[in-house]
Amino acid sequence: MSLRDLLSARLGAAFATLAGEPVDPLIQRSAHADFQANGALPLARKVQRPAREVAGEVLAAAELTGLATGEVSGPGFINLTVLPDALDRMVAAMAVDERLGVPMTQDPEPVIVDYSGPNVAKEMHVGHLRSTIIGDCLVRVLRFAGHDVTGISHTGDWGTPFGMLLERLVEIGEAAAAHELSVGDLDGFYKAARLRFDSDPAFADRARRRVVLLQGGDAETLRLWRVLVAESQRYFMAVNEKLGVLLTEADYMGESFYNDRLAEVVHELDGLGLLRPSDGAQCVFPAGFTGRDGGPFPMIVRKRDGGFGYSATDLAAIRYRIKELKGSLILYVVGAPQSRHLRMVFAVAGEAGWLRWPVRAQHVAFGSILGEDGRMLKSRAGRAVKLSELLDEAVSRAAALVAEKSPQLDPQERAEIARAVGVGAVKYADLSTDMVKDYVFDLDRMLAFTGDTAGYLQYTHARVCSILRKAGGFTGTPSIVDPAERALALELLAFPDAVQEVADEFQPHKLTGHLRGLAVAFTAFWDACPVLRASPPVRESRLVLCDLTARTLRHGLDLLGIHAPQRM
RNA sequence: GCGCUCGUAGCUCAGUUGGAUAGAGCAGCGGACUUCUAAUCCUCAGGUCGCAGGUUCGAGUCCUGCCGGGCGCACCA
């Protein structure tokens, strides 16, 4: 149990006694003490009594012996100061805990995280960056919290564009196409296919016929299609490797996977009486959605021409994830513009009876990537920044910085550091802000390794490691005395709360914010408290704090998918 | 037109079911390396929290109405 949870439990019991029902003591960090409890104020209003009086009675009833002292302050806050012994004890406990105080969840459940989802034969652009990075972070955090997490990359590997893509493949030959795709010139391939489709009616005809062949299961067409998919996937994995995310080949489940389930889904919806013909299409009209004209808004599961749209695929996917994968919490790490579409998917899945409490589906939405002009950066609207090029650029800039700052390190280690710092910078820039907001894409800011960046955290970690390396070893117990030690200890003990918040709310920036605070507290400690030069008992105590800081930073960064080098 | 979303310091952003004096970073001023990594730290300055009402002991946070930006609104995904 974290320090905050412990205080919350103790005060909560006192609140409950007084109120006769459970009351959240509303514990938070405070500028006026170590923590403050705000719970007395809302309770006072409820029972129509002066808040300071209520706070006083809660404080009197609270069992805080050996843990903290408290006092009523202001309009009815309870300020809490942790006792030195308690702090020592909790830091010591955290120091011997592999999990750094982060509890395993009491209710482990099967969680499915849908993220990344690039399109076959299309470049992974910065738009895929957020989904991949955020999703990867959530997978790591939820897994660490004790859930059974399955990551799925829902790739676009089916649909009408494949007619022209396959014809392009035939046109230039498999070998040439495979080469083009494997070196990562996917946009070039896609654009060439599009150009041929738009400019040559004969090609367009062939492309349309090819779609029919593909959907009809023509063996040769399927073979060619598999070439396209395999080559693209090889490229995705190369980007994943560069990014350092957990996705494996097995996590790729394309839209095509659901092909033979689509008819079944439509049939089931029809059987439930949810399906209605409209303008020749088969539609579900979930309650609460209206179109431009104010009338009911359809989710088209079967198009007028008999084909299935992406709505059908998404319905088949959510059904599969619930009924066959037995997912209990299903997260969609998808851009905010898809918000309504996903709400409709969830609504239809609910009306169909698939999505029922305790099974939940949630859209973990993130904002768009904007260009310098503040407009949305789209792949087909001109020059999209290629993800792999962006990463290469970040790494090479980091390499220049490492070469300048640490020429004494050998080239191989410098290269590893550059990779960790460069890729980390890009990831951190993405994870450290509230993800629902749009995001102005600015290479320079991402790669500035000062301030609130991955580089700052990595550098702090490397500095701690330097002390630990020079110390050799230590065998002490913590004894927290100096204010800087105390501030650092409180930050360390808050790590489990930050991890818990991300696991509950799916907002990685809560963790980056905490790690940043920890790093700041450590540098203040670094300046104020010599470690190696201190006399033995103090030295050992401070080494415990250093070791814990290094492990916490390393583990925290790892949960973000960011590597923390020992040296920089 | 309807819906979703965002609006906080010059810039980029935090701000935890409504809590004490709205906080960081960058940029700017001025300081600190014979001392465990200065990719650092300290100081100063910088605000009508888009606007106007409302709810109450208390509103950046909740409600209503405006203003402004973005996105979405039937067979592309």
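Each chain gets a letter, A, B and so on, in the order its sequence line appears, and its residues count up from 1.
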Worksheet item: Does a side-chain N-to-carboxylate-O contact under 4.0 Å join A:E416 and A:R567?
Response: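 Judged by the 4.0 Å cut-off on N to carboxylate O distance, A:E416 and A:R567 do not form a salt bridge.
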
Using a heavy-atom cut-off of under 4.0 Å over every strand shown, decide if [X] touches base, sugar-phosphate, or nothing.
| X | value |
| --- | --- |
| A:D279 | base |
| A:H509 | sugar-phosphate |
| A:A336 | nothing |
| A:R445 | sugar-phosphate |
| A:E255 | sugar-phosphate |
| A:T433 | sugar-phosphate |
| A:R292 | base |
| A:D305 | nothing |
| A:T313 | nothing |
| A:C529 | base |

Item to complete: Establish, yes or no, whether the cationic atom of A:R276 lies under 6.0 Å from the six-membered ring centre of A:F285 and within 45° of the ring axis.
Response: yes

Worksheet item: Does A:R340 count as lying over the ring of A:F289, i.e. NZ or CZ under 6.0 Å from the six-ring centre, within 45 degrees of the axis?
Response: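 No - A:R340 does not lie over the ring of A:F289 by the 6.0 Å and 45° rule.
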
Discussion item. Restricting to salt bridge (Lys or Arg N to Asp or Glu O under 4.0 Å), what partner residues turn up for A:E71, sequence neighbours left out?
Written reply: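 Once residues adjacent in sequence are excluded, A:E71 has no partner under the salt bridge (Lys or Arg N to Asp or Glu O under 4.0 Å) criterion.
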
Worksheet item: Which letter, B, S or -, goes with each nucleotide of nucleotides 38-43 of chain B from 5' to 3', with contact meaning a protein heavy atom under 4.0 Å?
Response: SBSS--

Would you measure the distance from the [atom1] atom in [N] across to the matching atom in [M] and give it in whole Å?
| N | M | atom1 | value |
| --- | --- | --- | --- |
| B:rA20 | B:rC2 | P | 37 Å |
| B:rA24 | B:rG47 | P | 15 Å |
| B:rU21 | B:rU8 | P | 23 Å |
| B:rC71 | B:rG28 | C1' | 36 Å |
| B:rC29 | B:rG68 | C1' | 34 Å |
| B:rC51 | B:rU43 | P | 31 Å |
| B:rU61 | B:rG54 | P | 14 Å |
| B:rG25 | B:rA14 | P | 16 Å |

Practice prompt. Supply the atom-to-atom distance A:L447 CG to A:E393 CD, rounded to the nearest 0.5 angstrom.
Written response: 7.0 Å

Practice prompt. Evaluate the criterion side chain to side chain contact (heavy atoms under 4.5 Å, CB included) for residue pair A:K427 and A:V423; output intermediate values, then yes/no.
Written response: CA-CA 6 Å; A:K427 287 187 171 183; A:V423 175; 4.0 Å; yes

Round to a whole Å and report the spacing from [atom1] of [X] to [atom2] of [N].
| X | N | atom1 | atom2 | answer |
| --- | --- | --- | --- | --- |
| A:L447 | B:rC26 | CG | P | 16 Å |
| A:D430 | B:rA14 | CG | C1' | 17 Å |
| A:D452 | B:rC13 | CG | P | 12 Å |

Worksheet item: Between A:F257 and A:Y320, is a ring-ring contact (aromatic ring centres under 6.0 Å, His included) present by the stated rule, with each step listed?
Response: CA-CA 10 Å; A:F257 176 83; A:Y320 176 78; 5.0 Å; yes

Item to complete: Begin from the C-alpha positions of A:Y459 and A:Y456 and carry the test ring-ring contact (aromatic ring centres under 6.0 Å, His included) through to its verdict.
Response: CA-CA 5 Å; A:Y459 178 61; A:Y456 176 82; 7.8 Å; no

Worksheet item: Can you list every salt bridge (charged side-chain N to carboxylate O under 4.0 Å, His left out) pair that touches residues 537-546 of chain A, not counting sequence neighbours?
Response: A:E485-A:R542

Item to complete: Start with the C-alpha distance between A:S116 and A:T132, add both sets of side-chain angles, then the distance that settles side-chain hydrogen bond (donor to acceptor under 3.5 Å, both in side chains), and finish with yes or no.
Response: CA-CA 4 Å; A:S116 194; A:T132 306; 2.9 Å; yes

Worksheet item: Could you write out RNA chain B as a dot-bracket string, with dots for unpaired bases, | for bases paired across to another strand, and Watson-Crick or G-U pairs counted at under 3.5 Å?
Response: (((((((..((((.....[...)))).(.(((.......))).).....(((((..]....))))))))))))....

Worksheet item: Parallel, tilted or perpendicular: which describes the rings of A:H341 and A:Y310, with under 30° parallel and over 60° perpendicular?
Response: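 Ring orientation of A:H341 relative to A:Y310: parallel.
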
Look for any protein N or O under 3.5 Å of an N or O in nucleotides 54-58 of chain B and output each such pair with its distance, or none.
from   : atom 1 : to    : atom 2 : distance (Å)
B:rC57 : N4     : A:R45 : NH2    : 2.9
B:rG58 : O6     : A:R45 : NH2    : 2.0

Between [X] and [Y], a side-chain donor and acceptor under 3.5 Å:
| X | Y | answer |
| --- | --- | --- |
| A:H461 | A:R554 | yes |
| A:D34 | A:T81 | no |
| A:Y428 | A:D452 | yes |

Any N/O pairs under 3.5 Å between the protein and nucleotides 7-9 of chain B? List them or say none.
from  : atom 1 : to     : atom 2 : distance (Å)
B:rG7 : OP1    : A:K437 : NZ     : 3.1

Discussion item. When you compare the ring of A:F77 with the six-membered ring of B:rG19's base, are the centres less than 5.5 Å apart and the planes under 30° from each other?
Written reply: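 One would not call A:F77 stacked on the B:rG19 base.
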
Item to complete: May I ask you to verify whether the side chain of A:N79 and the base of B:rA20 hold a donor-acceptor pair under 3.5 Å?
Response: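 Result: at least one qualifying N/O pair found.
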
Practice prompt. Would you mind telling me which residue lines up with the more 5' stretch of RNA chain B, A:E501 or A:S432, judged by nearest nucleotide?
Written response: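 The residue closer to the strand's 5' end, by nearest nucleotide, is A:S432.
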
Fill in: Stepwise salt bridge (charged side-chain N to carboxylate O under 4.0 Å, His left out) check, A:E57 with A:R52
CA-CA 9 Å; A:E57 287 174 28; A:R52 286 189 61 99; over 6 Å; no

Fill in: Sidechain-backbone polar pair: A:R516 side chain, A:G451 backbone, donor-acceptor under 3.5 Å
yes

